[in-house]
Each structure stands twice: as C-alpha cells, then as structure tokens.
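Notes follow the structure.
Below, each value reflects all heavy atoms present in this structure, side chains not excepted, and no hydrogens, waters or symmetry copies. Just so we're on the same page: letters track the sequence lines, and every chain starts at 1.
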2 protein chains.
Amino acid sequence: MNKKVSLKDIAKRAQVSIATVSYVLTKGENSGIGYEVSEKVKKIAAELNYRPNQIAQSLRSGKSYIIGLIVADISNPFFANIARIIEDEAKKHNYTVVFGSSDENATKSSDLINLLVNRQVDGFIIAPTEGSQEQIINLKKQNIPFVLIDRHFPEIESNYVTINNYKAAFDVTNRLLDTGNSDIGLIAYSSDLHHMKERIRGYSEALEAKGIKVDNNRIKKVAFSNLIEDVYIKVRELLSAPKPVTAIFFTTNTLAIHGLKTIDKLNLKVPNDISVVVFDAAEAFDFYYCPITHIKQPLLKIGKQAIDILVNQINTPEKKYSKLNLKAILVEKDSCK
Amino acid sequence: MNKKVSLKDIAKRAQVSIATVSYVLTKGENSGIGYEVSEKVKKIAAELNYRPNQIAQSLRSGKSYIIGLIVADISNPFFANIARIIEDEAKKHNYTVVFGSSDENATKSSDLINLLVNRQVDGFIIAPTEGSQEQIINLKKQNIPFVLIDRHFPEIESNYVTINNYKAAFDVTNRLLDTGNSDIGLIAYSSDLHHMKERIRGYSEALEAKGIKVDNNRIKKVAFSNLIEDVYIKVRELLSAPKPVTAIFFTTNTLAIHGLKTIDKLNLKVPNDISVVVFDAAEAFDFYYCPITHIKQPLLKIGKQAIDILVNQINTPEKKYSKLNLKAILVEKDSCK
DNA sequence: TTGAAAGCGGTACCAT
DNA sequence: ATGGTACCGCTTTCAA
C-alpha cells in the first residue's frame, strides 16, 4: 500500500523545507525560489506523481470548492439535464458538484443539507421540497450561500432562479381556449409549493379572462407518493364527469407521461378525442403519435444563472439577493383542437 | 458573518478542554467523561448549533467518505438512473457521491479523475471511455479503489460490473431471425470499447449460427461527435442498399431514438416495413406507436453491486478483484416481424 | 532565497 | 475523569 505523497516527502528528497516546496509548486515562476532548487523540486514532484491534497487545502483555506446540488430526483430527466448543465458551469468556476435526491421529502432534504453542510460545501443549489422552509431559513442563519431553482418560497427572501410559472401556465391554457376548448381539466401535484400554485393560478385566470368560471372539480391533484395510480384515477374522473372535459393541462412532464398512457389506455385519441398541453418537455413526447404542445423551460439559462449567482454570493457575501424569473416559451404543436 | 463553530468554541464556553468536548460529542455514553460535564457540553453544542467539520475529520482520518462517479453524461437517462441508484446505495454506507460527465472523451475523463483524486475521494465508479486505459492503470498504481461499470477493459485486471453483452446481443438478434428476418443491419458506435465489440460479436455470431454470412456493409458505425446526422445517414444506407435490410438492431437506446426518428422521417412503419430491436430501454419507447423489443439491463443490481464491491475494496484493500457479468433480459414486444 | 512555525478543526495517545 | 499535545497536509507570515 503506497501512501500518498505529500509536500513533506518531496521536501525530504529535495533536502529543502516544506515551505520551499509549497512555494515552488503553487507560485510558478515568481515563487521567489531559485531556479536550481525550483527545478529540482519540480522534477521530484513529477517523479513522485505528487498531487496536492485538496482536503488539506480546504481545511486551511476554509473553502471546499464543492457545491451541493439538491433536486427531487436525479434520475428525473428534468433534473438530470439541469444537473449536467450545473456540472459544466460549476467546472468553469473550478467547482465540483455533489448531488442528492430529496424525493420531494422534507426529511430527506434536511438530512441531505445537514450532511453537505458538514462536508463544508461552499454553497447549495436547491430545488426545495414542500415543507423545507425551516431548512432554507437555517441556511440563511448560518450564512451559507444558496440559490433555489425551479421553485422558491415567496415568504423567504433568497436567491432564486425560476421561470414565470403563472405566465407560462396562462399562455398554455390560452392556447387550449383559442383552439376551441372551454372545458379544460388540470392535473397538478398535491403540493403547496409556490410554482405549482402559480401554474394553477395561470390556468384559472386564463379561464376567467375568457369569462369561464373555474370549476374546482376540474382541478385534480395527485400525490407524489402514488403518482401513477392517482393520475389514472383523476384523468378518468375528468373524462367521465357529467360534463366531461375536452382538454387536459398537465402541470409537469411526469404527470403528462402517465396521463398520456391513461389516455391511450382509454382508447382516446389526441387531439380528436381530447386536447392536451403540458408544462415541460420530455424526450418521450418526441415519439408520441401526436406532437404535444408544451412549455419549454430555458434549462441552460437556469443552470448558468444559478451558478453565477451562487459563485458571486460565495465570493462577496454582502451582496443582495438575486431573484430571477425567466421566461418560458410556448411550443405550439398539434395536440390542441 | 458568523464563523462556523468549532470544538474550541464549545470548549471555551464550557470551560473544559477541546479533548473533552471531542470525547463527549463523538463517544456518546461511554465517553469516560462525567455526567455533569457531558450534559453541559452537549447543551452548549446544541445551542451553538455545532456541526463537525468533516474536512478536518477527513484530513485526520485519511477518509473522505466521498465516491467519485464518472459517466459519459449524467443527463443520459441510462446514467441518470444508475446515478440515482448509486446515490441511494452509497448513502447506506455513509458515502456521498460526486459526479462528472466525460462525454466519452478520454481527456475529459482524465481531468475528472485527477480532479477527484486530488479531492481525496475514497474510490471511483467509472463507466470508462475509449482510450482511458492509462487512467485506469494509474488508479491501480496509486492503489485507489475503483469499479468499472457498463464497460471494462478485458486486458486490464480490475473490478467491474457489466452485463453479458455478447449473450444479450446474440439473443436479441436471434429474435429478429426467428421472426423471419435474415437481412439485418446493425447500428453501433464507432468505438473500440469492449462492450460495443461484444454486442457486434453477438450479432455476428447469431447470424452465423443460422448459416447467414455476415455482411460488413451492414454493420454501420456512427461517431459520438456526430450522432444525429450519422445515424440518419447510416440508417438510410442500410435501407437503400441494393439489397435493403428488413430489420435493424440498434446497439444503444440513444442510437435507437435517433434511428426511429429517421425511420419515421422515411415514412416507414415498424414492424411492417422494418423490424427493430434495441439494446437498452428508454422511457421514450413507451410512447412509440409500436412497442419495441429490447434488452433490459438490471440497473438496480449493477448499482448495488458496484457500491458493494467498491466499499469492500475500500475497507479491505487486499481483496482480489470482483468481476461481475450480469444477465440482461430480452423484453419481447411487437417490433419484429 | 529559504525556512521555522503557527494554525485550519478534529482525533487519540498518553499523562495526570 | 479530564487535559496536553502531536499530527493529518497545506499555506503563509515572519525572520533570517
């Protein structure tokens, strides 16, 4: 078992002090160390395949150069894509990313945050779960920089990068209305998260703007914990009501995926039997027989901005919060009629 | 800016030594420290919201409890799913996962590995890229534990968890043969990676076993770097040859996704105009009008085993290598005729 | 130009 | 039962 080589090992071999080795290896040309010594040290370092121990550097500097990324589920394509973007952006700033999946569960989220705080991450990017307000407030109290993405808590001042959920939901609902649908159902998560409420509000106000009364029986909420079955039940309810809906707005891509499967199972055809719009894209939609009208989020921008804000905050902690509400775009396809 | 609280802070407040605080906080009941003092220390620690600095612990113990995960692309659902499983399994062993995407690029892979070695990760789980043999050998030289997944280098002794690519490819090709196809094209990556070669070998030997001569013009290889266009070109070539193929075997799900899009664009119908089989599943296939016969990998098992082997290796470095070749299963659907 | 030494936050051996 | 202290590997001040 060959132990890792440290500055001390190099110093011993080169017959110089540890400090000298450190200077040579970190300060490049203008280290103040003489040419001969420098060369010797460099040579030995290379021979020994020296690698600086970043744990020690971190302890010394108080900076870990690690960012904690907490999402609902890293295997969800939406978050996986964000993760990739964040990875790339973080790397540009010399940060490494550790990730954790909260499963939309506040306890798991709390455990993850604590774990990563102990690991001295320099900051967090978090898609916060319902009920995680305390955790977020605690981060603030501890002066640990963080940026919320995808969702945020309006009652808590913080950095965040989200999209204008209200507007996007309004627009996509309008699209259904414009194509002649006035009986529109909505499938949402049963969640108090602001972004979800905003999507519902967008839906509601779009209807009202056209003078249509919002029917709460048409706003269906499903539990994270029982997703597949719940979607199935709720979609059927919407379609078998005394006055069935002619269109459904799915407020996330995961909901849509299971919703579309339900629609298929019921032998209904989009858009002839039923119109459909979705918040978010999904690779799977590319293969659906009917191209799906949906809201497309600017993932790249979200990731870039989140990192930029975070790194900024890490470097200059006095700064005020950055609150970004990006525009999402409506991608019009063939699923509305 | 409130600094983080350390043992020293608690010691000062409690008027005891740092050592005492450490004992109380780490050794629980049988710390050897008296009840009164223990309680006082615990109380103050709680008040001050003390969090052990794991960087310091790591420096001291030489263990970071971090595992480096290197995949081709974390946003690829295959790897995102694996990542999630690895995250969960790692957590059971108290490990945190940092990840990096290599983009199938040996240089990036090397940079990532070096970065994470400097960060003192306790071990790696790697889906190695083409040309990364040197890096793997270096890890061995440095006695850094690692497990290869998805692919491995047969010429390098190491831990790995893969599936039996040859057998799976053989089986899935056989399925095409059994359903009456004898003119079968293959779309693969242009790569020397063993798993890809094994898939091609499975295809070839399945043909030969039925007395069909392998036509190298029907084995098409596409570049990672030019995926979409290349798939389009090669699929067209297969279909517009003097003797066109009646079936195509896509050796990964990403290839299949673009291949199916090409087939759609050419206005061909699966399976009537062309039969299709795929190595790996994809959520997108659920929405394809024709359910796709494919190879399903035991992702959960791969992730679990990879972590188990890795953690074992970390704890008992003398152990011999574990080489796992798991069984993949053939999921028969309707895309062959 | 070079080096001694303090210190980052813990842990654990050895005293007392 | 409690505490002094060395050490993990590195950086940086201060002195020589």
Practice task
Would you tell me whether A/S75 and A/D73 have side-chain atoms, one donor and one acceptor, within less than 3.5 Å of each other?
Solution key: yes
Problem - Donor-acceptor pair between B/S58 and B/Q120 side chains, under 3.5 angstrom - result: no
Handout entry: Between the first and last five pairs of the helix from C/dT1-D/dA16 to C/dT16-D/dA1, the angle of the axes, rounded to 10 degrees
Key = 50°
Once you round it to whole Å, what is the distance between [atom2] of [N] and [atom1] of [X]?
| X | N | atom1 | atom2 | answer |
| --- | --- | --- | --- | --- |
| A/Q15 | C/dG3 | CD | C1' | 15 Å |
| A/I33 | D/dA16 | CD1 | C1' | 14 Å |
| A/L25 | D/dG9 | CG | P | 15 Å |
| B/K63 | D/dC7 | NZ | C1' | 20 Å |
| A/L59 | D/dT12 | CG | P | 13 Å |
| A/N30 | C/dT2 | CG | P | 14 Å |
| A/R119 | C/dG9 | CZ | P | 18 Å |
| A/Q54 | C/dC8 | CD | C1' | 15 Å |

Problem - Neighbour count >12 (heavy atoms, 6.0 Å) for atom NZ, A/K42 - result: yes
Handout entry: N/O (side chain, A/T20) to phosphate O (OP1/OP2, C/dG3) under 4.0 Å
Key = yes
All side chain to side chain contact (heavy atoms under 4.5 Å, CB included) counterparts of [X], not counting sequence neighbours:
| X | result |
| --- | --- |
| B/I156 | B/Q133, B/I136, B/I137, B/K140, B/F153 |
| B/S61 | B/K63 |
| A/H195 | A/D150, A/R151, A/N165, A/L193, A/R199 |

Exercise for the section: Name the nucleic acid region contacted by A/G34, choosing base, sugar-phosphate or nothing; use a 4.0 angstrom heavy-atom cut-off, strictly under. Expected result: sugar-phosphate
Exercise for the section: Quick one: do B/K40 and B/E36 satisfy salt bridge (charged side-chain N to carboxylate O under 4.0 Å, His left out)? Show the steps, please. Expected result: CA-CA 6 Å; B/K40 180 164 46 160; B/E36 305 262 300; over 6 Å; no
Donor-acceptor list for residues 44-54 of chain B side chains, cut-off 3.5 Å, not counting sequence neighbours:
from  : atom 1 : to    : atom 2 : distance (Å)
B/E47 : OE2    : B/K43 : NZ     : 3.4
B/N49 : OD1    : B/R51 : NH2    : 3.4
B/N53 : OD1    : B/I55 : N      : 2.8
B/N53 : OD1    : B/A56 : N      : 3.1

Under 3.5 Å, which N/O atoms of the protein pair with N/O atoms of nucleotides 10-14 of chain C?
from   : atom 1 : to    : atom 2 : distance (Å)
C/dG10 : OP1    : B/Y50 : OH     : 3.1
C/dG10 : OP1    : B/N53 : N      : 3.2
C/dG10 : OP2    : B/L7  : N      : 2.9
C/dG10 : O5'    : B/Y50 : OH     : 3.0
C/dG10 : N2     : B/R60 : NH1    : 3.4
C/dT11 : OP1    : B/Q57 : NE2    : 3.0
C/dT11 : OP2    : B/S22 : OG     : 3.1
C/dT11 : O2     : B/R60 : NH1    : 2.1
C/dA12 : OP2    : B/K27 : NZ     : 3.4
C/dC13 : N4     : B/Y23 : OH     : 2.2

Handout entry: Residues A/D88 and A/R84 bridged, charged N to O under 4.0 Å
Key = yes
